[in-house]
Each structure stands twice: as C-alpha cells, then as structure tokens.
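As structure tokens, the structure follows; a few thoughts come after it.
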Amino acid sequence: MLNIKKRLLSVLSAAALAVTPACLLNASAAEGADVTVKLGSAEDLVQFKTAWDNGDYAADSLTVELTDNIDMTGIEWTGMYKFKGIFDGNGYTISNMSITSSDIQDPDYSKTANLGFFNTIAGGTVRNITFDHCTVSESENTSNGFVGIIAGRDETESVTLENCHVTNCEVSVNSWFVGGLIGEIGDIPYAGSATPTHTIKNCSVTDTTVKGSIDTNDYVGQIGGLVGGAYSTEFIDCYSNANVQGSCAVGGLTGYLRACRLINCGSEANITSTHHSGGIAGGALVSEIINCYSGATVNGTFNLGGIVGSMSGKEGEGSGFANGSNVFRISNCISTAAIESAENSGGSSNSGLLAGTINTDIGTYLIENAFCDSNSSFKTVNNEALTAVTGTEIDCISDFTDYEKLRSILDTLNSYKYEINEAELSKWAIKSDGSLSFASYAVTFVDENDNVLGVVYVAEGDSFNSEAAPEIPEKEGFTGAWDTDLSAVSGSCTVKAVYTEIPDESSDESSDISSDESSDTTSDLSSYESSEADQNSNSDTSLSDEDSVSSVSDSNTEAKDSSKADSSDSNPSTGAAAAGAAAVLLVGAVAAVLKRKA
C-alpha cells in the first residue's frame with residue numbers, strides 16, 4: 001500500500017501538486033530510496049510530523065532540511081517518536097516551541113516521559129540547528145524522566161548531534177535524566193570498549209534554565225546543562241553557561257558520565273544541587289576529561305568539584321573504557337570555579353576546585369597538567385582542612401592573577417592535538433574580564449621571513465588588545481614596525497614585521513661638517529678678496545695722472561716688444577705663451593706702481 005501511495009504521488013498533476021503538503025512533494029516513488037524533505041514553515045513541520053507518525057517514511061533513507069526559520073508560536077507540539085535519519089537545520093532557528101507532554105503510542109513508555117522536539121531518536125544525525133525561546137515543562141509534574149529541548153533520549157547504537165545550539169530556553173520538570181540538549185544519550189558500553197559510539201560536537205546551551213528533580217533523597221538525578229546522563233559518548237568543543245538545578249549528579253555540561261570522553265569543552269554554568277555536583281560533570285565513571293575549562297559556580301552540600309563532583313576509576317573486571325583501560329583521566333584542565341558547600345549531616349564537604357572526591361584505587365586514575373586558580377572562591381562549612389584542589393590533596397594550584405602564567409597555561413591547551421580525532425579543535429582565549437572562552441578569531445604575527453612569532457586569540461564579543469602583540473624582533477641598522485594598524489584589527493588576519501633602514505649618522509655629521517667648513521672658507525675667501533679689491537681700488541684712485549700715463553706707457557712699450565716677438569714666431573702655442581707672459585708683465589707693472597705709491 002505504501003509503495004502504491006508513493007507512485008501515485010509521483011504522477012500527480014501540476015494542479016494537484018499545488019495543494020499537496022510541501023513536505024510530501026519530495027517523497028520518492030521507490031520504497032527504501034533516499035528521500036529529502038524540505039520544511040520552511042510551522043505548517044510544513046506539522047504536516048511532516050503527521051506523515052512521520054503515519055509511517056510514510058519508515059522505510060526510507062530520510063534527510064529533512066529547513067529552508068527558513070520556523071516560529072512555532074501557538075502550536076501544541078508533542079514531539080516526534082523514534083526519528084531516524086538526518087535532520088539538517090541549515091543554520092536556521094526553531095523558536096517559541098512549547099512542550100508539556102508527548103503522544104507516544106507505546107505500552108513500554110509513559111506519555112509523560114521522553115519530552116523534546118524528538119521524543120526519542122532512533123539513529124542518525126541532528127545538525128546545524130538553533131532552538132530559541134523554547135520551553136519543556138510538565139502539566140502535572142509526573143514525568144518519569146528523559147527530557148531535553150532537542151530530544152528526550154536516544155535509542156540506537158549511534159547518534160550524532162553537531163552544531164546544535166539552545167539559547168534563551170527553559171526546561172523545568174520533576175524528572176531524572178534532564179538536559180538542555182538531550183536527557184540521555186548512549187548506552188553502557190560492552191566490555192573492553194575503547195571508542196565512543198555517540199558524538200556531541202560543537203554544541204552549546206546558553207542563557208537557559210535546566211531544572212530536574214530536586215528531591216533531597218534522590219540519588220539518581222543526572223541533570224546537566226547539555227546532557228543529563230551520557231554513556232559511551234564523545235563531547236568535542238561544547239559549551240554551557242546554563243543555570244542547572246537538581247538533586248544528585250548535577251553538572252554544567254553533564255549530570256553523569258560513564259565511559260565518555262570530553263575534549264576541549266567549557267562550562268560557566270551556575271549549578272545548585274544537594275550533592276555530587278561539578279562544573280563539568282556531577283559524577284563520572286571510567287571516563288576522560290581533556291583540555292577542558294570550568295569557570296562554573298557550584299553550590300551544594302558535599303562531593304562538589306570545579307571539574308567533577310565525584311569520580312571513579314575501576315568499576316569491574318573488563319568493563320573499563322578510557323583508552324581500553326579502567327583509568328579515569330583528567331588532563332590539561334583549568335578550574336577557576338567558585339565552590340560553596342552548605343552544612344550537612346554527614347559532617348564532611350569533600351569539595352575541591354578540581355574534584356570533590358576520587359572513589360578509586362591508586363593507579364586507576366591519572367591527573368596531569370591540571371590547574372586551579374588559588375584565588376577562586378572556595379567555602380566549606382564542615383571541612384575547612386581540605387585543600388582547595390581535592391579531598392585527595394593533589395597539588396596543582398596556580399595563581400591566575402599572573403596574566404603571563406595564565407597565557408602560558410592557555411598555550412598548553414591550544415597546542416593540544418587530539419590523538420584520535422583529526423578535526424581542528426576550537427582555540428581558547430582570555431576574555432577582557434580574565435575568564436576563558438572559545439576564540440572568535442585569531443591574529444597571527446610573523447617576521448619578515450614569515451616565521452610565526454605568536455598568535456593572539458580573541459574571545460567572542462571582545463576586541464583585539466594591541467598590547468597582546470608580541471615584540472618585534474630587533475634588526476641591527478633598522479627600525480621595526482607592524483604592517484597593519486593594530487587598533488583597526490577586527491577579524492582573523494596575519495600581521496607582518498617590516499623594517500626601515502636607519503640613516504648613517506656619522507656620514508651625515510661628516511657631510512654637515514664639510515659643508516659648514518666649505519661654506520666658512522668660501523665666505524672668508526670672498527670677504528678677503530672683496531677687501532683686497534677695495535684696497536686696490538683705493539690705491540688706483542690715489543695715483544697721479546703722471547704716474548698713470550708713465551705706467552701705461554711703459555706697459556705699452558713692453559707689450560709692443562712682446563707682440564713683435566710673438567708675431568715673428570709661427571708656432572701658435574708659442575704665440576699664446578708669449579701673450580700670457582705679456583699679461584703677466586702688465587699686471588706686474590701695475591703692482592710695482594702700486595707698491596711705489598704705497
């Protein structure tokens with residue numbers, strides 16, 4: 001029947017197509033073939049859900065794509081059950097979704113469980129989507145768990161959430177397994193598993209409240225900013241600043257981890273709980289937390305940690321995970337968290353800026369390159385003797401008031417290469433308020449030969465600080481400068497050192513001196529010659545007419561004699577020489593007369 005229906009759709013007339021629901025226009029005629037459904041409005045989305053619930057796409061390889069933002073105001077959304085395929089938001093946003101119950105038709109599930117845009121995900125990928133101003137709540141506060149904005153839980157061997165973001169939303173239920181993205185993901189891995197089977201990559205929950213069960217006697221909980229309970233899942237480049245509330249196992253990113261790996265994730269969440277709570281994770285078993293940052297605020301009674309509230313290594317024979325072993329690993333992590341524990345009947349807070357407690361044998365955990373800001377707020381009521389790091393007194397405190405020290409630690413994070421996943425990790429930046437954040441862009445500084453001198457990463461919302469630029473290498477005989485106006489930098493770019501030759505000062509001085517001396521000499525000579533000329537002029541005017549006539553007569557006589565000698569010489573050069581000699585004699589005669597008169 002399904003096959004016949006799809007064939008009929010493929011041969012509908014143009015007039016009929018004009019009134020066919022948009023989501024069905026892309027249906028394939030062949031059962032099991034690749035099918036792409038495009039949705040551009042809330043009406044399209046509702047029609048697609050109806051077709052999905054009817055089983056129209058059950059045997060298809062399905063891709064759903066958004067073609068526009070979708071506003072779900074006024075629509076009673078009860079979620080899609082066991083969605084399987086690719087849901088690609090193409091960067092668009094679903095806003096104003098409101099969920100109070102599900103319509104699951106399955107005797108194994110309660111209709112008040114598995115609340116989310118997808119009640120459950122049965123496999124595939126959800127990517128490139130933002131949920132804004134959406135709410136998930138319970139009409140009667142009777143949910144028995146698995147609640148999130150995107151999905152209640154997943155029920156498959158492999159699911160990927162990539163580039164999914166939740167902002168300005170609220171999840172408020174009296175339930176276990178509650179997260180901003182998804183309530184529960186993954187499953188307990190098989191013995192000896194060393195590779196996560198589920199992935200959450202480049203996802204965030206911001207300016208959102210995530211509230212689950214707050215029963216003080218509750219030892220299940222699992223309430224997290226992104227995920228309530230995570231099993232065999234890898235988190236990469238994820239972030240949360242959610243306001244997270246719950247009873248037990250409450251964390252900024254995840255409430256509980258088991259056989260998971262967190263790489264390059266950050267939390268600035270505000271966490272309120274009773275116990276077993278942490279800035280990154282509330283409780284964790286045989287997992288890895290690598291290259292992560294926590295600037296969270298953690299409030300509770302006991303087992304509170306800046307990174308993880310309580311952690312355990314070896315669980316049992318053959319059931320380990322981290323790199324095929326039973327080791328719990330914290331590596332390249334920074335905690336500037338604020339921890340405050342209230343009084344409790346147990347008499348011990350077991351709290352620390354890195355971890356609250358480590359419930360494991362020596363040798364089943366590894367803590368390396370872990371840094372905690374010793375100036376962070378750290379208050380315990382019942383156990384003031386604990387170090388600010390962890391109940392097991394691991395010494396890894398650093399004072400982050402030293403900007404250069406913090407920058408050096410950040411360089412450690414940014415130089416980390418994930419040995420399993422080759423994808424480029426996000427880079428960390430120091431925000432203007434001193435906290436850390438993923439970088440928005442990078443400014444690379446190079447020398448004249450294009451060798452990298454340093455890279456300055458700029459946090460989202462911050463402007464580039466020109467004082468963070470490295471020093472320009474010195475070059476003898478040259479002055480250096482950057483080829484870019486640093487005050488105008490506003491995005492990723494490369495800035496190069498350029499050099500201008502310094503003029504030779506000694507050569508200039510010598511030139512100046514020579515010029516001055518030459519000028520002075522010329523001036524003196526001119527002055528002297530002018531003076532002498534004046535004297536000669538005066539002497540000439542004092543001569544009597546008799547002396548003048550006599551002098552001239554003598555000179556003419558001598559010149560005539562000389563001229564006769566010249567004219568008798570046929571050699572021109574000889575004649576020229578004679579003429580020159582006559583001139584000399586004439587000048588000499590005049591000089592003699594002047595001397596006599598003097």
Side-chain angles (χ1 to χ4, degrees), residues 42 45 49 64 66 69-73 75-81 83 87-89 91-102 104 112-121 125-139 143 145-154 159-185 198 200-213 222-230 233 235 238-246 250-255 267 269:
L45 186 56
K49 179 184 181 317
V64 178
L66 296 190
N69 296 322
I70 295 179
D71 186 344
M72 298 181 67
T73 300
I75 294 176
E76 185 179 350
W77 188 256
T78 54
M80 295 178 59
Y81 182 49
F83 174 83
F87 191 97
D88 192 338
Y92 291 110
T93 297
I94 293 177
S95 60
N96 300 311
M97 175 186 71
S98 178
I99 299 174
T100 58
S101 65
S102 65
I104 294 175
T112 56
N114 304 299
L115 305 180
F117 180 78
F118 303 107
N119 301 135
T120 57
I121 301 177
T125 299
V126 180
R127 64 192 181 205
N128 306 325
I129 183 71
T130 296
F131 286 83
D132 181 36
H133 285 91
C134 298
T135 61
V136 180
S137 59
E138 298 169 301
S139 56
S143 171
F146 312 114
V147 180
I149 293 290
I150 293 180
R153 70 185 305 184
D154 93 279
V159 163
T160 296
L161 301 181
E162 183 172 1
N163 198 27
C164 296
H165 307 285
V166 170
T167 185
N168 301 306
C169 294
E170 182 175 359
V171 179
S172 181
V173 292
N174 184 26
S175 305
W176 302 339
F177 302 100
V178 180
L181 294 177
I182 185 170
E184 182 189 54
I185 187 170
H198 294 64
I200 298 180
K201 183 177 181 180
N202 191 31
C203 294
S204 68
V205 175
T206 57
D207 303 324
T208 292
T209 295
V210 180
K211 181 179 178 182
S213 171
Q222 303 195 32
I223 319 296
L226 266 67
V227 180
T233 298
F235 297 76
C238 293
Y239 172 80
S240 164
N241 69 357
N243 178 18
V244 190
Q245 303 175 40
V250 183
L253 290 176
T254 66
S267 168

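In this text the structure is predicted, and so the values were computed from the model without any measurement.
Summarising the geometry, atom CD1 belonging to I182 is positioned 5.0 Å from atom CD1 belonging to I121; distances are rounded to the nearest 0.5 Å. Atom SG in C238 sits 10.0 Å away from atom NZ in K201 (nearest 0.5 Å). With rounding to the nearest 0.5 angstrom, the OG atom of S102 is 13.5 Å from the CE atom of M80. Here the straight-line distance linking atom CG of N114 with atom CG of D154 works out to 11.0 Å at 0.5 Å rounding. Atoms CG and CD1, on L226 and I200 in that order, are 6.5 Å from each other to the nearest 0.5 Å. Here the straight-line distance linking atom NZ of K211 with atom CG of N243 works out to 10.0 Å at 0.5 Å rounding.
Scanning both residues, I150 and C164, for their nearest heavy atoms gives CD1-CB, 3.7 Å. Smallest separation of non-hydrogen atoms from S213 and I223: N-CD1, 4.1 Å. Between F117 and W77, the closest heavy-atom pair is O-NE1, 3.1 Å. The shortest non-hydrogen separation linking L181 to C203 is CD1-CB, 3.7 Å. A pairwise comparison of heavy atoms in C134 and I94 identifies SG-O, 3.7 Å as the closest pair. Here the closest heavy-atom approach between residue G252 and residue A269 is recorded as CA-CB, 3.6 Å.
With sequence neighbours left out, the side chain to side chain donor-acceptor pair (under 3.5 Å) criterion links D88 to R127, N128. By the side chain to side chain donor-acceptor pair (under 3.5 Å) test, T209 is found to be paired with no residue, residues two or more places apart in sequence or in another chain being considered. Shown here are the side-chain contact (heavy atoms from CB on, under 4.5 Å) partners of T167, two or more places apart in sequence or in another chain: T130, D132, T206, D207. T208 is linked by a side chain to side chain donor-acceptor pair (under 3.5 Å) to nothing, counting only residues two or more places apart in sequence or in another chain. For Y239, there are no ring-ring contact (aromatic ring centres under 6.0 Å, His included) partners at least two apart in sequence or on another chain. Contacts of N119 classified as side chain to side chain donor-acceptor pair (under 3.5 Å), with partners at least two apart in sequence or in another chain: none. S98 meets the side-chain contact (heavy atoms from CB on, under 4.5 Å) test with T135; sequence neighbours excluded.
Proximity of a side-chain donor or acceptor of T93 to a complementary backbone N or O of S95 within less than 3.5 Å is not detected.
Counting heavy atoms from C-beta outward, T254 and T233 have side chains that stay 4.5 Å or more apart. At least one side-chain heavy atom of V227 sits under 4.5 Å from a side-chain heavy atom of F235.
Annotation: salt bridge (charged side-chain N to carboxylate O under 4.0 Å, His left out) contacts involving residues 170-184, sequence neighbours excluded, comprise R153-E184.
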What verdict does the side-chain contact (heavy atoms from CB on, under 4.5 Å) test give for Q222 and F177, after you've listed the backbone C-alpha separation in whole Å, the side-chain angles of each residue and the deciding distance to 0.1 Å? CA-CA 5 Å; Q222 303 195 32; F177 302 100; 3.1 Å; yes

